[in-house]
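Take a look at the following structure, please.
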Protein chains: 2
Amino acid sequence: MLDDRKRKILQTIVDDYVTTAEPVGSRTLARKYSLGISPATIRNEMADLEILGFLEQPHTSAGRIPSPRGYRFYVDCLLAPPKIADSDAKLITNWYESRVRSLEEVFQETAKIISRMTHAVSLVTAPQISKALFKYLQFLPLDERRAIVVVVTDAGYVENKVIEMPAGTSFQDLQEIAANINDKLAGLSFGQIKHSVLREIRNDILSNPALFETALAVLRQALAVERSEKVYLGGATQLLAQPEFRDVDKIRGLLTMLEEEKLLSDILHMQDGEGVVVTIGQENKYSGIQNCSVVQATYRVEGQVIGTLAVLGPTRMEYGKIMAVLEFMHQHLGETLKKYKAF
Amino acid sequence: MLDDRKRKILQTIVDDYVTTAEPVGSRTLARKYSLGISPATIRNEMADLEILGFLEQPHTSAGRIPSPRGYRFYVDCLLAPPKIADSDAKLITNWYESRVRSLEEVFQETAKIISRMTHAVSLVTAPQISKALFKYLQFLPLDERRAIVVVVTDAGYVENKVIEMPAGTSFQDLQEIAANINDKLAGLSFGQIKHSVLREIRNDILSNPALFETALAVLRQALAVERSEKVYLGGATQLLAQPEFRDVDKIRGLLTMLEEEKLLSDILHMQDGEGVVVTIGQENKYSGIQNCSVVQATYRVEGQVIGTLAVLGPTRMEYGKIMAVLEFMHQHLGETLKKYKAF
DNA sequence: TATTAGCACTCCTCTCAATCGAGTGCTAAC
DNA sequence: GTTAGCACTCGATTGAGAGGAGTGCTAATA
């Protein structure tokens with residue numbers, strides 16, 4: 001598609017532009033990097049690359065910047081397989097060791113360290129309970145009127161909720177109900193439970209009508225433990241350091257969007273592919289981030305995908321480094337979570 | 001201290017400056033507000049107010065802006081007792097009803113709505129478990145090697161953790177341990193437990209040396225459920241709309257600070273007073289926010305202080321409205337939490 | 001034929017001075 | 001005590017000019 005020299009020049013332009021944020025001129029390029037060719041030659045090649053759609057010119061007498069297509073080619077064809085620097089890997093390992101003490105902190109700190117290393121915003125989705133399997137529920141006494149229902153998933157994840165005990169119900173009754181329910185639901189996913197199994201239980205419990213209403217009321221409360229998918233956000237301020245966002249108005253829209261959790265999940269859910277995936281500029285479906293790029297990877301525990309890691313930044317981003325960091329992190333996170341034995 | 005006319009002028013200047021963000025001149029003031037006096041008179045009064053330290057001049061030929069002392073006087077003496085608008089109160093009530101479904105969302109949405117109404121950053125601290133009273137703990141089976149320890153507080157708040165069962169320990173053993181521990185710890189605060197009671201238990205358990213090590217190991221794990229105080233942040237982007245932060249560099253420091261949760265707790269903990277408290281500019285101890293003001297209030301459930309609500313914004317903020325919102329919210333939040341019966 | 005040097009041209013950016021205007025302080029009149 | 005009038009101040013805006021990085025084209029070179 002492109003001869004070696006054009007590739008080399010395109011690559012050098014991207015590399016330079018990513019670090020300097022200034023349009024790259026032929027003279028600068030020749031002086032700064034020893035390409036063995038003169039500025040004039042570079043100019044000719046640049047003109048070609050522009051016609052081919054890999055470069056753009058902000059205005060007539062400026063240097064070139066990579067076009068979205070240029071970035072795409074760079075990412076697909078010019079980038080060496082992303083490999084994280086040893087020092088970075090060590091830094092991440094240490095960070096986890098020194099800062100993470102609980103499951104929730106795993107996600108928080110993961111988001112934090114990714115943004116720290118990539119100078120962009122990071123997004124980490126935590127696993128959703130609706131994909132988990134119901135193991136059992138149990139009631140714990142609280143006082144005369146209230147009890148705590150604890151729902152345990154197959155993997156040991158626990159959600160709990162304080163519930164009102166319906167009038168005339170004893171704690172004993174609750175335990176009966178629990179036994180009944182556990183029989184029925186063990187091994188089902190929360191998604192399944194919500195949509196189809198409730199009705200069946202209802203019929204079953206009809207055989208003991210005394211507890212019918214209580215059981216259903218309690219169960220409904222118990223299943224409300226499910227919470228919507230949580231997105232951990234890290235380092236939104238990193239964006240402020242980028243020249244792209246030197247203008248306050250430009251960044252405001254983006255940050256406002258980042259405060260909308262729903263949008264974030266949407267952005268991340270668009271991608272379920274394998275490995276590290278890059279979405280550049282207008283390739284993004286959501287128009288609010290069409291001057292941004294997203295790099296994302298899923299992470300797994302014991303083979304099962306349970307969440308997504310992503311980095312959001314200006315299209316002028318360090319694709320190589322970011323991909324390497326995510327490549328490393330999605331594995332490392334899986335292992336860390338295994339240690340927490342919660343999934 | 002100040003005669004009526006000076007008060008009126010100072011108040012008008014603060015009100016105008018808060019909305020326009022422009023230094024207020026005598027001519028503008030006379031034209032915009034019907035004070036019944038001429039620009040020249042206003043000029044004289046302004047000069048007096050400046051000498052008294054209530055106003056400042058950015059430069060010789062600019063209008064006046066309130067000094068920190070001016071804001072202080074405005075807040076202490078010129079502001080009518082903060083009263084929330086009925087429409088705002090209704091808006092808040094509706095917001096809760098339509099958006100809040102779980103305890104955690106109470107805090108998230110509280111932060112969100114406060115910032116929405118005040119156009120500034122809001123901070124909401126969630127209750128800390130270390131102030132809560134231990135009620136009991138219970139083990140739930142998970143598999144051969146692992147169990148879940150559930151710690152319940154007096155008020156029904158639940159924390160849980162997956163623990164490794166020490167080799168050679170049966171689930172039966174765990175339940176014995178639980179009974180023993182619950183006897184000892186019921187009614188104590190987590191703070192107390194951590195610092196003094198553990199030793200006692202250790203001696204007690206010595207009478208059953210078989211379980212000694214197991215019990216301590218398990219208990220240590222169980223108590224690690226405590227997490228540090230969480231601060232919910234809302235509407236950091238609101239700051240971007242303020243002219244004070246039109247310059248990206250100015251806002252970066254502030255936003256970076258807001259990402260440091262520790263600092264936030266510090267800022268909020270400086271104030272344990274009664275009612276709504278305002279801290280203006282350099283009155284803040286932390287130098288990073290000395291061009292900002294903080295308005296905060298504690299909230300209670302059944303008489304006990306359990307957290308703080310705060311608003312952080314430029315010193316040029318709508319003190320009256322913000323105080324009214326917090327006044328309303330700290331009560332409303334208390335009631336909402338009572339509904340959730342978790343404290 | 002591919003590469004390079006030279007050159008005229010473009011257009012952004014920075015600087016500096018002139019202008020504008022909102023606001024002040026002072027003085028004198030009311 | 002209040003107000004009108006006026007000279008003065010000083011930041012903000014505007015516009016012209018210089019500087020510089022970069023381009024495209026042409027002609028010379030290897």
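Chain naming here is simple, since letters A, B, ... match the order of the sequence lines and numbering starts at 1 in each.
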Listed nucleotide nearest any side-chain atom of B/M46, set C/dT24, D/dT23, D/dT3: C/dT24
Phosphate contact (C/dT24 OP1 or OP2) by B/S26 side-chain N/O below 4.0 Å: yes
Are a donor atom and an acceptor atom from the side chains of B/D15 and B/Y33 found within less than 3.5 Å of each other? no
Once you round it to whole Å, what is the distance between C1' of D/dG20 and CZ of A/R31? 12 Å
Reckon A/T28 has a side-chain N or O less than 4.0 Å from the OP1 or OP2 of D/dG22? yes
Result for salt bridge (charged side-chain N to carboxylate O under 4.0 Å, His left out) between B/E45 and one of B/R64, B/K6, B/K8 points to B/K6
It should be established whether B/R64 places a side-chain nitrogen or oxygen under 4.0 Å from OP1 or OP2 of nucleotide C/dG25. yes
Rounded to whole angstrom units, what separation is found between the CD atom of B/E56 and the P atom of C/dG23? 18 Å
Identify whether any heavy atom of A/A62 sits under 4.0 Å from a base atom; if not, whether one sits that close to sugar-phosphate; answer base, sugar-phosphate or nothing. sugar-phosphate
Length of the line joining B/Q57:CD and C/dG23:P, which is rounded to integer Å: 11 Å
Which is more 5' along DNA chain D, the nucleotide nearest B/P39 or the one nearest B/H59? Just name the residue. B/P39
Selection from D/dG24, C/dT3, C/dC12 that lies nearest to any side-chain heavy atom of A/A47: D/dG24
Determine, for A/R72 against A/D76, whether the closest basic-nitrogen to carboxylate-oxygen distance falls under 4.0 angstrom. yes
So does B/T60 get a side-chain nitrogen or oxygen closer than 4.0 Å to the phosphate oxygens (OP1/OP2) of C/dT24? no
Rounded to the Å, how far apart are A/I13 CD1 and D/dT23 P? 9 Å
Starting from P on D/dG11, measure out to CD on B/E22 and report it in whole angstrom. 15 Å
Atom CG of A/N44 to atom P of C/dT1: distance rounded to whole Å? 16 Å
Within the pair A/S38 and C/dT4, is there a side-chain N or O less than 4.0 Å away from OP1 or OP2? yes
Provide the closest heavy-atom pair for A/V294 versus A/I289 in the form atom of the first, atom of the second, distance. CG2-CD1, 4.1 Å
Measure the distance from CD1 on A/I65 to P on C/dC12 and round it to the nearest whole Å. 14 Å
From the list A/Y71, A/F73, A/Y74, ring pair (Phe, Tyr, Trp, His ring centres under 6.0 Å) partner of A/F54 resolves to A/F73
Give a yes/no answer on whether the side chain of A/R5 brings an N or O atom under 4.0 Å of OP1 or OP2 in C/dT3. yes
Choosing from C/dC26, D/dT23, C/dC11, which nucleotide comes nearest the side chain of B/R43? C/dC26
Mind calculating the distance between CG (B/L29) and P (C/dG23) to the nearest angstrom? 10 Å
From D/dA21, D/dC6, D/dG24, nucleotide with atom closest to A/S61 side chain: D/dA21
